[in-house]
Amino acid sequence: MNDKLLFGTGGTPHSSKSESTADGIERIAELELGCMEVEFVYGTNMNQAMARKVGDIAKTLKVKLTAHAPYYINLNAHEEEKLIASKKRLIQTARIASTMGAQGIVFHPAFYLKDPPDEVYTKVRKELEDTVSAIRSEGIQVTLRAETTGKGSQFGSLEEVLRLSAEIDGVAPCIDFAHLHAREGKSNSYKEFASILQQIADKLGRNALNDMHIHLSGIKYSGKGELSHLNLSESDMNYIELFKAWKEFDIKGLVICESPSLEGDTLIMQKAYNSL
Ligand SMILES: [Zn+2]
C-alpha cells in the first residue's frame with residue numbers, strides 16, 4: 001500500500017547507463033521518481049538470482065516495482081496448449097515479480113476471437129481463478145492486475161476488469177486511461193474521468209482508490225481503438241483534467257508512464273500533478 005501517488009516509467013528510462021533493469025532503477029532514483037514497471041512483454045527472461053539483485057537495489061533506493069507480463073496471453077484461447085502456455089506465462093511472471101518484491105503484475109487478459117463477450121467473461125474468470133490458485137499455492141502473494149485494453153477486439157473494458165476484480169480475490173484493476181480513451185474515442189473529460197473513479201469506488205470499495213495501478217501516455221487511435229502510444233504533447237490526452245479528478249478523489253498508488261519519451265513525460269506528469 002502506498003500513502004500517495006508515485007510516478008515512474010514502463011521499462012528502463014532511456015537516459016539510464018544501460019538498458020538493464022538495475023541501471024533503470026538507479027536512474028529512476030536519480031530523477032526523483034517513485035516507481036518502475038519491469039517489462040516482460042516479450043517474455044519473462046530474468047532468472048531468480050537477478051530478480052533478487054534487482055529487488056535489493058530497488059529496496060535500497062526506495063523505488064517501488066511492478067512487472068508487466070508477456071503480451072502473448074489469451075485466457076480465451078481455444079487450443080488447450082495456448083491456454084496452458086498463457087497461464088504458465090502469468091505464473092512465471094508472478095514468481096519473478098515476487099522475488100523482486102514487486103507489488104503486482106499487469107497483464108492483458110484475453111481476446112474475444114469473435115466469441116460472445118459474456119461467454120468470454122465466464123471462461124476468463126474460470127482460467128484466472130485457476131491461475132491465482134496456482135500462484136497462491138506457491139506462497140506467492142503478488143496482485144494480478146487485469147489491464148483495461150485499447151481495442152474493441154481485446155477483452156478488457158472497464159466493466160470487465162472491475163467485475164473480475166470484484167469476483168476474484170487477488171485480482172485488481174490496472175486502469176490504463178489512454179486505452180480507455182482510445183477504445184471508443186471518449187473518456188477524455190473531467191466528468192468522464194470522475195465517473196471512472198466513482199465506478200471503481202462503487203464496485204470495489206474506497207480501498208481500491210487507495211491502491212491504484214495506472215497506465216498513462218498520449219495515444220493515437222482510430223474507430224477501432226488504439227494505434228500507438230504518443231508523447232503527451234503530440235496527443236489529445238486531457239491529462240490535466242485527469243489529474244484534477246485524481247486529486248478530487250484523493251487516489252493513491254502507482255502511475256506508470258508508457259509514452260515513447262518515457263521519463264520525459266513521466267517528469268511532466270509528476271510536476272503537473274504536484275503543482276495542482
Ligand atoms: Zn499493458
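For ligands, and for the atoms within them, numbers begin at 1 and follow the listed sequence. One is the number of the first residue; the rest follow in order along the sequence. All of these numbers come straight from a predicted model, not from anything done at the bench.
Note that NE2 of H215 and OG of S259 are 12.0 Å apart. Values are rounded to the nearest 0.5 Å.
The Zn ion (ligand 1) lies closest to atom NE2 when only the N/O/S atoms of H68 are considered. When distances from the Zn ion (ligand 1) to the N, O or S atoms of E147 are compared, OE1 comes out shortest.
Taking the charged nitrogens against the carboxylate oxygens, D130 and K87 do have a contact shorter than 4.0 Å, which makes a salt bridge.
Aromatic rings of F155 and F111 (six-membered ring for Trp) have centroids beyond the 6.0 Å cut-off, not under it. Here F40 and H68 keep their ring centres 6.0 angstrom or further from each other.
For a distance bound of 2.8 Å, the N, O or S atoms of H108 include one lying that close to the Zn ion (ligand 1).
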